[in-house]
Amino acid sequence: MNLDLILQSDMPQIYHRIAEKVFNGERISEEEGIALFDKAASLNYLGSLANYIREKKHGDNTYFNKNFHIEPTNICVFDCKFCAYSKLIRQKTDYDAWEMSEEEIIEKVRSYDNSDITEVHIVGGVHPKMGLHYFANLIKKVKEIRPELHVKAFTAVELEYMCRKAKVSYREGLQILKDHGQNSLPGGGAEIFAEDIRAEICNDKCSSEQWLEIHQTAHEIGMPSNATMLYGHIEEPKHLVDHMNRLRNLQDKTGGFNTFIPLKFRNGNNQMSHIEEVSVLEDLRMYAIARIYMDNFPHLKAYWPMIGRQTAQLTLNYGVDDIDGTIDDSTKIYSMAGAEEQSPTLTTEELVALIKDVGRKPIERDSVYNVLKDYSEVNFDAVEA
Ligand code: V47
Ligand code: SF4
């Protein structure tokens, strides 16, 4: 990569320094991270640096997995202002509230009996009656049906509530879930860690400190996890950098995070609907900055049901190396908030084509990023014949 190609002569010195650090594999500082949000850092500049890092770490490899989602309920005791679920508990009748029974959940797992799916992602609203022991037993039953299925379940928000209600420590609660078959944690509930912003957008759920402690504890007992960040609402660049910094510090300690997932705020049907959504260009800038800043996170994921297939394709040139999976019946938290994809499913063939169309290499992974299959040369017509 030629520095002269991406640096314009009139760019302030700080951008020269950041580019040099990236090419030397050095970490950038918080101050440098904030500077990347300034318009003086062009999209071309950000994209080139992020793509350099992406290709250094993964070449053209673009990961996906074969998964499905279970959302046991959308009833939630909390009141996050950005969430399209959040009024449900008080005005249940006005909304499409649902509570899946244990039989329905098990039935859903069984419906994948003859498919080559490798992961189930279980996440939902925080229901006052669905507790730690209920979920632990449910996971045990899921594993009895399909022992090799990877169970990625419960955000730190759900876990904090479950442990509090069951009167157990985070370590005890997580150990119980692990002993019943849970393998890892998804990255939700992180939102924005900066306390002043958190107080404005989600003041009644787990604190930033609790979120980080739960993930640290999970890593310590051998459960890997992901981390998210909700961007594009009332936060400022300094809050985003502070958020990424707290995650980067924890990752230095534990090494337990697999992937970082910036989540674009969608403004449909929630208490923040008056806030305009950011543009696709802002999305690309966000992904690129995340790739540059989060040097110790192996992967950067774009959640395609949220941003749509075409933007997901674009992100592959802005640092992203993972576009999640053949998500069947993805979390309705997004479709209810106005996300691009209202019923997001992609067949393996479609996902592979989407990745190949932008010149990248489709790789099926398992939940902890072991390579399962390289789809670059797979001819689906031949497979079907
Ligand atoms: O924490 C809720 C977000 C998250 C809105 O780990 C919204 O692989 C935007 O974290 N606009 C839950 N975002 C889902 C989640 C997730 C999704 C996919 C993959 C993984 C993973 C994790 O959804 C919440 C919140 O940040 N969210 N409402 C909204 N209006
Ligand atoms: Fe509940 Fe999660 Fe929605 Fe917050 S984001 S109201 S915790 S479902």
Side-chain angles (χ1 to χ4, degrees), residues 63-65 67-69 71-90 95 97 119-128 130 150 152-162 183-193 198 201-206 211 215 218 223-233 235 243 257-273 275 277-278 283 286 297 299-307 312 322-325 327 330-341 344 365 367-369:
Y63 302 96
F64 68 92
N65 69 344
N67 63 354
F68 69 101
H69 279 227
E71 214 162 4
T73 181
N74 62 348
I75 291 173
C76 187
V77 298
F78 296 122
D79 186 26
C80 303
K81 303 283 178 273
F82 51 82
C83 180
Y85 288 0
S86 60
K87 297 187 214 83
L88 280 168
I89 192 144
R90 290 183 305 283
Y95 289 80
E119 176 187 280
V120 57
H121 181 173
I122 307 175
V123 71
V126 180
H127 193 294
M130 294 180 180
H150 181 106
K152 179 171 81 176
F154 314 126
T155 65
V157 175
E158 294 166 279
L159 292 164
E160 186 279 324
Y161 186 79
M162 275 183 219
N183 303 94
S184 68
L185 271 55
E191 323 310 357
I192 287 286
F193 291 144
R198 200 169 184 85
I201 64 172
C202 54
N203 75 344
D204 57 354
K205 73 179 178 190
C206 83
W211 191 99
H215 281 257
M223 291 165 100
S225 71
N226 295 335
T228 57
M229 175 171 76
L230 186 70
Y231 72 93
H233 45 93
E235 87 290 356
H243 187 96
F257 287 114
N258 278 326
T259 185
F260 182 53
I261 316 165
L263 293 173
K264 176 196 185 111
F265 164 68
R266 305 309 305 245
N267 68 6
N269 301 314
N270 57 49
Q271 298 169 70
M272 290 162 65
S273 292
I275 297 173
E277 291 178 3
V278 297
D283 295 333
M286 185 67 251
F297 271 63
H299 301 280
L300 181 67
K301 185 193 281 194
Y303 190 58
W304 66 261
M306 170 64 87
I307 53 171
D322 181 9
I323 50 172
D324 213 287
I327 302 151
S330 142
T331 164
K332 294 187 184 62
I333 210 163
Y334 298 131
S335 47
M336 289 171 82
E340 248 67 25
E341 307 280 346
R365 61 167 176 85
S367 302
V368 289
Y369 290 84

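Start at 1 and go down the list; that is how both ligands and their atoms are numbered.
In the vicinity of Pro186, heavy-atom distances shorter than 4.0 Å reach the ligand 1 atoms 6 (O). Those atoms of ligand 1 that come under 4.0 Å of a heavy atom in Met306, given as number and element, are 9 (C), 13 (N). Close approach to Asn226 involves these atoms of ligand 1, each under 4.0 Å from a residue heavy atom: 6 (O), 8 (O), 21 (C). Counting atoms of ligand 1 from 1 in the listed order, those under 4.0 Å from a heavy atom of Leu230 are 7 (C), 9 (C), 13 (N). For ligand 1, the atoms closer than 4.0 angstrom to any heavy atom of Phe265 are 9 (C), 11 (N). Listed by number with element, the atoms of ligand 1 under 4.0 angstrom from any heavy atom of Glu191 are 1 (O), 24 (C), 25 (C), 26 (O). For ligand 1, the atoms sitting less than 4.0 Å from at least one non-hydrogen atom of Asn270 are 30 (N), numbered in the order shown with element in parentheses. Contact atoms of ligand 1 toward Gly188: 1 (O), 10 (O), 15 (C) (distance under 4.0 Å to a heavy atom of the residue).
Residues Asn65 and Ser367 are in side-chain contact: their nearest non-hydrogen atoms beyond the backbone lie under 4.5 Å apart. Looking only at side-chain heavy atoms (C-beta outward), Cys206 and Val157 come within less than 4.5 Å of each other. Between Val120 and Asn67 the shortest side-chain heavy-atom distance does not fall below 4.5 Å. In this structure the side chain of His233 never reaches within 4.5 angstrom of the side chain of Phe82, judged on heavy atoms. Using a 4.5 Å cut-off on side-chain heavy atoms (C-beta onward), Phe260 and Lys301 make no contact. Put simply, the side chain of Asn226 reaches to within 4.5 Å of the side chain of Lys152, judged on heavy atoms.
Under 4.0 angstrom from ligand 1, the non-hydrogen atoms of Ile261 all belong to its side chain. Proximity of Phe82 to ligand 1, defined as any heavy-atom pair under 4.0 Å, is shared by backbone and side chain alike.
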- Given Asp79 and Gln271, is the side-chain hydrogen bond (donor to acceptor under 3.5 Å, both in side chains) satisfied, shown in steps? CA-CA 9 Å; Asp79 186 26; Gln271 298 169 70; 3.0 Å; yes
- Task: Would you check, one step at a time, whether the test side-chain hydrogen bond (donor to acceptor under 3.5 Å, both in side chains) holds for Ser225 with His215?
- Result: CA-CA 7 Å; Ser225 71; His215 281 257; 2.8 Å; yes
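With atom 5 (S) of ligand 2 as the reference point, the heavy atom nearest to it among Tyr161, Phe82, Phe78 is part of Phe82. Here the shortest heavy-atom distance to atom 3 (Fe) of ligand 2, taken over Ala84, Gly124, Gly125, Cys83, belongs to Cys83.
Backbone or side-chain N, O or S atoms of Cys80 do not reach atom 1 (Fe) of ligand 2 at under 2.8 Å. Within the 2.8 Å limit, Cys76 places no N, O or S atom next to atom 3 (Fe) of ligand 2.
Remark: distances from the non-hydrogen atoms of Thr228 to ligand 1 include one below 4.0 Å. The shell of residues lying under 4.0 angstrom from ligand 1, judged by heavy atoms, includes Leu263. By the 4.0 Å heavy-atom criterion, Ala84 is excluded from the residues contacting ligand 1.
Phe297 and Ala227 get closest at one heavy-atom pair: CE2-CB, 4.2 Å.
For the pair Glu158 (side chain) and Gly124 (backbone), a donor-acceptor distance under 3.5 Å is present.
Inclusion of Lys301 in the set of residues having an N or O under 3.5 Å from an N or O of ligand 1 is warranted. Taking any N or O of His121, backbone or side chain, none lies under 3.5 Å from an N or O belonging to ligand 1. The shortest N or O to N or O distance between Arg266 and ligand 1 is under 3.5 Å.
Taking the six-membered ring where the residue is Trp, Phe78 and Tyr161 present perpendicular rings, their angle passing 60° and hence far from 30°.
In this structure, His299 has its ring center closer than 6.0 angstrom to the ring center of Tyr63.
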